[in-house]
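Everything below concerns the one structure shown next.
Order of the sequence lines fixes the chain letters, A, B, ..., with proteins taken first and strands second; residue numbering starts at 1 for each chain.
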Amino acid sequence: MRAGEAEVFDLGYQRYTGPREGRSRARLALFENGVRTVLGIGRGGRAKILPVGLFLAVMTPALVFVTILAFLDPVAGDEAADFIPGPADYYSIVSVILIIFGAIMAPELLCPDRRDNVLPLYLVRPLTSNDYLIARFLAFFAIVLVLVYAGQIVLQAGLILTANDQVDYLRENWEDVPRILFMGALIAAFISVGPLAVAAFTTRRAYAAAFIIAAWLLLNSISDGLTFQECTFDTVAQDGETISRTEECTRPVGDLAPYVGLLHLGGVTDNINNMVFDVDPGPGEGSPASIAVSELHDAFPIGVYVLWTGIPALLLWHRYRRIRL
Amino acid sequence: MPALLEARNLTKHYGSTVALDGVSFDVSEGVTGLLGPNGAGKSTAMKLFLGLIQPTSGSAMLLGEEPYRSTEGRARIGYMPENECLPRSMTASEFLMHMAQVSGIPPGQARTRAADVLRHVGLDEERYRPIGEYSTGMKQRVKLAQAIVHDPVLVLLDEPTAGLDPDGRQEMLRLIHRTANTFGISVMLSTHLMGDVERTADSVLVLESGVLAQEGAVAKLTEETETLLIEVADRHEEFVTALAAKGVHASDDGQMLVIEQAREADYDLIRDAAVESGARIRRLSPERRTLTDIFRSRPA
């Protein structure tokens with residue numbers, strides 16, 4: 001054949017003789033696909049709006065605090081710096097945004113697979129339903145983990161860089177690093193497993209998201225309403241001055257308030273956060289429910305966290321074990 | 001050569017409903033038709049071999065393994081379900097790459113396989129369009145493509161021509177034929193359409209009400225019968241009378257003369273009757289059975 005007389009040959013169907021990596025590759029593929037699905041990678045611009053928007057929303061408080069810190073003068077002892085939330089407060093501040101992220105994005109991972117009937121195609125391959133669930137859970141957990149750490153990293157960087165003495169700051173606050181890592185993992189697990197469990201019971205993403213947000217608002221409102229502390233004040237004269245003195249504080253559910261406070265969904269991680277960062281929420285600091293729960297032994301909030309992550313995990317496992325294909 | 005699929009006393013109950021009742025059979029290389037009316041237990045049998053459900057008793061072995069307990073064998077088989085099973089928002093290319101990886105193929109090779117297989121099923125040009133925009137025929141081809149993207153040794157197809165127009169059906173049957181004969185992938189074809197089995201399958205298993213009603217090679221089941229069909233051009237009445245005079249009874253089915261239970265000697269008598277009556281014989285042949293006849297002749 002002369003140069004320039006190239007021909008295209010159809011080689012026909014070729015048998016595959018390359019490597020077959022079995023179950024481990026299958027799990028990894030599902031994990032990667034889960035990450036891509038949540039972040040809208042490989043989809044049009046519309047699929048990226050929600051994840052990017054919610055990511056920015058979680059990051060915004062950290063960026064605002066760091067910006068404020070940058071304009072304060074720590075050497076001059078600017079008192080405003082004392083009011084900037086630290087790592088102990090950050091998770092509580094962004095918890096609402098995180099639950100919205102979980103409510104909207106977690107159903108994205110499970111609902112379409114069941115709505116479009118893709119699940120049988122996975123389960124006839126070298127995968128079990130547990131592999132499927134674990135890969136989907138890990139994909140979402142990893143994304144939420146990055147999300148919760150990212151804000152803290154920005155905030156920590158701001159606090160370190162704006163400190164009078166960076167080395168002194170690090171020496172005094174090094175314990176915050178394991179606390180941030182540990183608490184971030186607990187929050188990511190809580191934000192992942194609950195919404196995924198709800199998503200396992202419907203093929204409609206909107207229903208799952210609405211249910212999660214409604215449950216969040218309802219339980220938080222009820223527990224806050226029933227644990228709100230109302231105090232009466234007595235006015236007395238002391239050293240020629242008139243001062244107010246607390247006479248009596250009451251709650252609608254009385255002594256049951258600390259237990260009712262455990263129903264607060266936002267408090268599930270807030271109460272653990274207070275323990276991990278050794279914070280005692282006083283009046284005006286935190287929700288009425290978390291103030292009430294702080295009167296209980298630490299075992300109660302820990303038990304509630306275990307229940308709120310363990311029961312959804314069991315439901316999720318049971319649902320997929322029993323699913324009819 | 002060991003069987004690809006083995007059923008031994010395979011039984012599956014759904015509550016009080018018996019979907020499969022102690023069936024035993026083997027499926028070897030080539031194209032095997034799993035034939036039966038709706039509710040016969042075809043889909044249940046497939047799901048048992050795929051490990052999607054567990055047998056109530058007996059065993060369903062896939063490539064020598066129990067698919068419900070082991071995932072190894074499942075890496076070497078493909079499955080095309082009857083109903084919708086495709087993600088609407090993904091492109092065919094992305095979906096096939098993903099499914100190849102879920103079958104254990106590394107990403108680089110998965111990309112090549114996806115492109116090759118989509119070309120073979122005729123979706124080369126459309127592979128970057130979301131599947132939700134595809135026609136029914138195109139979706140059926142994507143379903144077949146995902147079942148063979150990892151080059152399995154066996155592919156199980158559940159009603160692959162369901163919902164297709166005549167052209168689409170022809171195209172799908174051609175693809176199934178190519179899958180077995182050109183690609184070298186054995187096929188188990190579940191269908192209630194006998195024509196699909198007759199056109200594509202080497203052997204057939206007939207399920208009815210959860211039991212194995214018939215099995216064998218399609219060529220054997222549709223072999224020549226003892227019935228002779230005769231078509232004469234003229235002198236029809238004289239020919240029938242001449243046959244009767246020689247002791248051969250021929251009935252007229254409106255188009256042909258039919259001689260039941262024909263013996264070897266009857267051929268000579270037919271020749272003699274034709275000579276005597278002056279009738280010209282256009283066609284003389286033994287009747288071949290169809291799978292439809294097999295269904296009709298079985299006692300209810």
Do you know which of Gln146(B), Met97(B), Met80(B) has the most heavy-atom pairs under 4.5 Å to chain A? Gln146(B)

Side chain from CB out, backbone as N, CA, C, O: work out which of these in Pro112(A) comes under 4.5 Å of a heavy atom of chain B, or both, or neither. neither

Would you give the length of the straight line joining atom CG of Leu50(B) to atom CG of Leu121(A), rounded to the nearest 0.5 angstrom? 10.5 Å

Main-chain N/O of Leu127(A) paired to Arg74(B) side chain as donor or acceptor, under 3.5 Å: yes

How far does NE2 of His98(B) sit from CG of Leu30(A), to the nearest 0.5 angstrom? 5.0 Å

Please step through side-chain contact (heavy atoms from CB on, under 4.5 Å) for the pair Leu86(B) and Asp116(A), ending with a clear verdict. CA-CA 6 Å; Leu86(B) 303 172; Asp116(A) 294 337; over 6 Å; no

Contact check, side chains of Gln101(B) and Glu32(A), non-hydrogen atoms, under 4.5 Å: yes

Testing the 3.5 Å rule here: is there a donor-acceptor pair between the side chains of Asp116(B) and Tyr13(A)? no

Contact part of Arg76(B) toward chain A, heavy-atom cut-off under 4.5 Å: side chain, backbone, both or neither? side chain

Does atom CD of Glu133(B) have more than 12 heavy-atom neighbours from other groups under 6.0 Å away? yes

Would you mind telling me which of Pro106(B), Pro130(B), Ala110(B) has the largest number of heavy-atom pairs within less than 4.5 Å of chain A? Pro106(B)

Considering non-hydrogen atoms only, spot the tightest contact between Pro126(A) and Val102(B) and give its length. CD-O, 3.6 Å

Here the gap from Met99(B) atom CE to Arg125(A) atom CZ, rounded to the nearest 0.5 Å, amounts to 4.5 Å

Proximity breakdown for Pro152(B) and chain A, heavy-atom pairs closer than 4.5 Å: backbone

Contact check, side chains of Gln14(A) and Thr112(B), non-hydrogen atoms, under 4.5 Å: no

What is the distance from atom CD of Glu108(A) to atom OG of Ser89(B), rounded to the nearest 0.5 Å? 8.0 Å

Engaged part of Arg36(A) at the chain B interface, taking heavy atoms whose separation is under 4.5 Å: side chain

Tell me whether Asn117(A) contacts the main-chain N or O of Cys85(B) through its side chain, where contact means a donor paired with an acceptor under 3.5 Å. no

I need the residue from Glu84(B), Glu72(B), Arg88(B), His150(B) with the largest number of non-hydrogen atom pairs under 4.5 Å to chain A. Arg88(B)

Is atom OH of Tyr207(A) surrounded by more than 12 heavy atoms (other residues, nucleotides or ligands) closer than 6.0 Å? no

From CZ (Arg20(A)) to CD (Gln109(B)), nearest 0.5 Å: 11.0 Å

Is the number of heavy atoms from other residues, nucleotides or ligands under 6.0 Å of Phe25(B) CZ greater than 12? yes

More than 12 foreign heavy atoms under 6.0 Å from CZ of Arg321(A): is that the case here? yes

I need the residue from Asp151(B), Ile105(B), Thr71(B), Asn83(B) with the largest number of non-hydrogen atom pairs under 4.5 Å to chain A. Asp151(B)

If you count every heavy atom of other residues, nucleotides or ligands that lies below 6.0 Å from Arg111(B) atom CZ, does the total exceed 12? no

Chain B heavy atoms under 4.5 Å from Arg15(A): which part of the residue, side chain, backbone, both or neither? both

